[in-house]
Amino acid sequence: MNTVRPAAPQLADIEPYDPKYIPAEVMISANENAHDVPFELRREIEREVRKVAFNRYPDPLANDLRDLIAEANGLDRDQVLMGNGGDELLFDMALAWGGPGRTFLNMPPTFSVYKNNAQLTNTAIVDVPRLPDFSIDEEAVIARLAQGDIDYTIVTSPNNPSGNRVHTAFVQRMLEAADTLVMVDEAYFEFSRHTVRHLLNTYENLIILRTFSKAFSLAGVRMGYLLGSENVLREFKKVRQPYSVDAVSQAIARVVYANRSEFERGIEQIIAERGRVFDELNAMEGVEAFPSDANYILFRLGEGIDAGEVWQRLLDAGVLVRDFSRSAGLENCLRVSIGAPEENTRFLEELKASIA
Ligand code: PMP
């Protein structure tokens with residue numbers, strides 16, 4: 001047989017995830033941390049990794065890490081679940097709460113992985129689009145949840161790619177509107193310094209997603225976690241890959257988490273640089289930057305300036321940003337991650353030159 005039958009039908013409209021991660025001198029496209037883990041911590045990591053038995057399966061649930069994270073958040077081990085990056089836990093959510101005959105409420109434009117996961121699992125998608133300034137249409141979301149047929153929803157705070165965060169009072173209204181499982185994706189919360197964690201004590205239908213990829217410089221290692229009720233996380237355990245979090249990553253993440261205060265200065269610098277980049281972007285003619293609580297800024301180019309062409313000119317000049325100009329609701333928009341100060345300055349200079 002020299003042919004193969006088609007893949008599952010729900011894949012037909014899905015494009016493989018492509019972050020367009022092209023090597024460049026200044027990599028500010030993927031919301032990574034510009035700085036790797038500090039040298040002294042890397043030394044400690046090397047010592048810990050040396051102790052790992054490569055021939056043995058890892059602790060499937062990474063209980064040492066769960067204990068560290070639980071203690072720091074005033075929770076029990078059973079209220080924490082680790083994943084191979086936040087991405088794995090997002091997929092697990094679609095597996096556990098989605099599926100045929102089930103419904104996901106999305107608030108686009110937002111992180112595209114949510115929609116993909118719903119499509120992959122044959123979950124129906126109800127879109128409640130954001131308003132032109134990317135704030136959530138709160139009344140529309142609450143009204144839709146109140147109909148009672150939404151199985152799960154994800155609200156991103158701060159939102160990717162727009163950068164704005166959600167109002168806590170609105171999250172509370174969502175949690176009370178129905179028994180829908182509500183995920184608050186706090187992948188970037190270290191840069192907004194806002195969390196809804198205190199609501200976990202009251203609402204069983206709340207889960208919070210976090211990651212080591214951004215503030216803690218571990219995008220290359222793949223480590224994310226959920227905070228939620230024991231009952232909800234028990235369902236996630238049924239669908240997760242048993243050994244998705246490998247022993248080396250567990251060792252690395254333990255050292256980083258135990259020393260997380262060392263990342264505080266870097267976070268502060270990113271927040272300060274975010275203010276500078278935002279002001280300088282808005283001072284440019286033909287550029288509208290959207291206020292951000294995260295480690296990136298979305299900006300729209302004015303009429304007569306083609307964002308796709310600007311993206312290419314920036315790349316030709318050695319600066320890689322993210323092009324969203326062909327995404328619905330993000331017409332003519334680019335997103336820049338906040339890098340080291342000299343990278344941000346170089347980006348601003350090259351952008352100025354490429355729209356002059
Ligand atoms: N949520 C959001 C909003 C993100 O932007 C990302 C990273 N792109 C993730 C979750 C997942 O991050 P990771 O898999 O690296 O933990």
Side-chain angles (χ1 to χ4, degrees), residues 17 19-52 54 58 62 64-65 68-69 72 82-88 158 160-161 163 186-193 209-225 244-277 292 294-297 314-315 318-322 335-348 350:
Y17 187 74
K20 302 203 178 65
Y21 203 63
I22 304 162
E25 279 173 47
V26 181
M27 304 286 286
I28 43 178
S29 72
N31 302 340
E32 297 151 328
N33 200 314
H35 302 288
D36 204 334
V37 174
F39 183 72
E40 278 310 312
L41 280 189
R42 286 186 72 113
R43 293 279 290 268
E44 194 177 332
I45 284 169
E46 281 160 23
R47 283 194 292 273
E48 288 304 307
V49 167
R50 233 173 270 147
K51 295 183 200 159
V52 173
F54 294 155
D64 290 350
L65 260 175
L68 276 176
I69 291 169
M82 308 308 298
N84 188 278
D87 282 344
E88 182 195 18
N160 181 9
E186 293 188 350
Y188 301 96
F189 97 103
E190 289 91 350
F191 308 105
S192 71
R193 304 206 186 278
L209 180 71
R210 303 227 180 117
T211 180
F212 282 63
S213 296
K214 315 296 177 179
F216 299 150
S217 300
L218 289 189
V221 171
R222 314 307 301 133
M223 190 65 72
Y225 63 95
S244 62
V245 180
D246 67 86
V248 172
S249 298
Q250 289 186 29
I252 297 170
R254 277 198 305 271
V255 174
V256 164
Y257 199 79
N259 293 281
R260 63 194 178 284
S261 60
E262 302 224 357
F263 293 81
E264 195 50 40
R265 254 205 6 241
I267 293 168
E268 265 167 31
Q269 185 183 63
I270 288 167
I271 292 171
E273 281 290 291
R274 178 179 74 203
R276 176 174 80 95
V277 174
S292 172
N295 66 338
Y296 50 85
I297 295 176
L314 285 170
L315 182 61
V319 178
L320 180 70
V321 299
R322 185 75 190 258
R335 186 194 68 196
V336 61
S337 308
I338 304 301
E342 59 280 10
E343 294 179 316
N344 303 328
T345 300
R346 172 130 174 236
F347 155 72
L348 289 164
E350 296 296 351

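Hydrogens, waters and symmetry mates play no part in the numbers below; they use all other heavy atoms, side chains included.
- Using a 4.5 Å heavy-atom threshold, the side chains of Ile271 and Ile267 count as touching.
- Atoms CZ and CD1, from Arg254 and Ile69 in turn, are 11.5 Å apart once rounded to the nearest 0.5 Å.
- Of all heavy-atom pairs between Val26 and Arg346, the closest is CG2-NH1, 3.7 Å.
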Practice task
Apply side-chain contact (heavy atoms from CB on, under 4.5 Å) to Phe347 and Val277, showing your working.
Solution key: CA-CA 9 Å; Phe347 155 72; Val277 174; 4.3 Å; yes
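- Expressed to the nearest 0.5 Å, how far CG of Asp246 lies from CZ of Phe54 amounts to 9.5 Å.
- Asn84 approaches Arg222 most closely through the heavy-atom pair OD1-CB, 3.6 Å.
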Under 3.5 Å, side-chain donor or acceptor atoms of residues 38-45 against the rest of the protein: list the pairs with distances, not counting sequence neighbours.
from	atom 1	to	atom 2	distance (Å)
Arg42	NH1	Asp36	OD1	3.3
Arg42	NH1	Asp36	OD2	2.7

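- Here the side chain of Asn295 pairs a donor or acceptor atom with the backbone of Asn31 at under 3.5 angstrom.
- A search for ring pair (Phe, Tyr, Trp, His ring centres under 6.0 Å) contacts involving Tyr296 returns Tyr188, not counting sequence neighbours.
- Remark: side-chain polar atoms of Glu343 are paired, donor with acceptor, to backbone N or O of Ala340 under 3.5 angstrom.
- Contact of the Glu186 side chain with the Leu209 side chain is not registered, since no non-hydrogen atoms from C-beta on lie closer than 4.5 Å.
- What you find for Glu48 and Val255 is that their closest heavy atoms are CG-CG2, 3.6 Å.
- For the pair Ser249 and Val221, the tightest heavy-atom approach, listed with the atom from each and the gap, is OG-O, 3.2 Å.
- Classification of the Tyr257-Tyr225 ring pair by plane angle, with boundaries at 30° and 60°, yields perpendicular.
- Taking CG of Leu218 as the start and CD of Glu32 as the end, the distance is 12.0 Å to the nearest 0.5 Å.
- Comment: Arg274 does not engage Glu268 in a salt bridge, judged by the lack of any side-chain N to carboxylate O separation of less than 4.0 angstrom.
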Practice task
Show your working on side-chain contact (heavy atoms from CB on, under 4.5 Å) between Lys214 and Glu190 and close with a plain yes or no.
Solution key: CA-CA 9 Å; Lys214 315 296 177 179; Glu190 289 91 350; 5.5 Å; no
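- No side-chain heavy atom of Ile252 sits less than 4.5 Å from a side-chain heavy atom of Met223.
- Among residues two or more places apart in sequence or in another chain, the side-chain contact (heavy atoms from CB on, under 4.5 Å) test is passed with Ala272 by none.
- When all heavy atoms of Phe263 and Ser217 are compared, the pair lying nearest together is CE2-OG, 3.8 Å.
- The minimum heavy-atom distance between Ser337 and Ala30, with the atom names listed, is OG-N, 3.6 Å.
- Panel note: side chain Arg335, backbone Ser29; a donor-acceptor pair is recorded below 3.5 Å.
- Here the straight-line distance linking atom CG of Asp87 with atom OG1 of Thr211 works out to 8.0 Å at 0.5 Å rounding.
- In this structure, CE on Met82 lies 11.5 Å from CZ on Arg210, to the nearest 0.5 angstrom.
- A donor-acceptor distance shorter than 3.5 angstrom exists from the side chain of Asn33 to the backbone of Ala215, with no hydrogens or angles considered.
- Here the rule is side chain to side chain contact (heavy atoms under 4.5 Å, CB included) with Met27, and of Leu320, Ile22, Val321, Val319 only Leu320 fits it.
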Practice task
Walk me through it: do Arg276 and Glu273 pass the test salt bridge (charged side-chain N to carboxylate O under 4.0 Å, His left out)?
Solution key: CA-CA 5 Å; Arg276 176 174 80 95; Glu273 281 290 291; 2.8 Å; yes
Exercise for the section: Evaluate the side-chain contact (heavy atoms from CB on, under 4.5 Å) criterion for residues Glu342 and Thr345: first the C-alpha distance (whole Å), next the side-chain angles of each, then the deciding distance (0.1 Å), finally the verdict. Expected result: CA-CA 5 Å; Glu342 59 280 10; Thr345 300; 5.5 Å; no
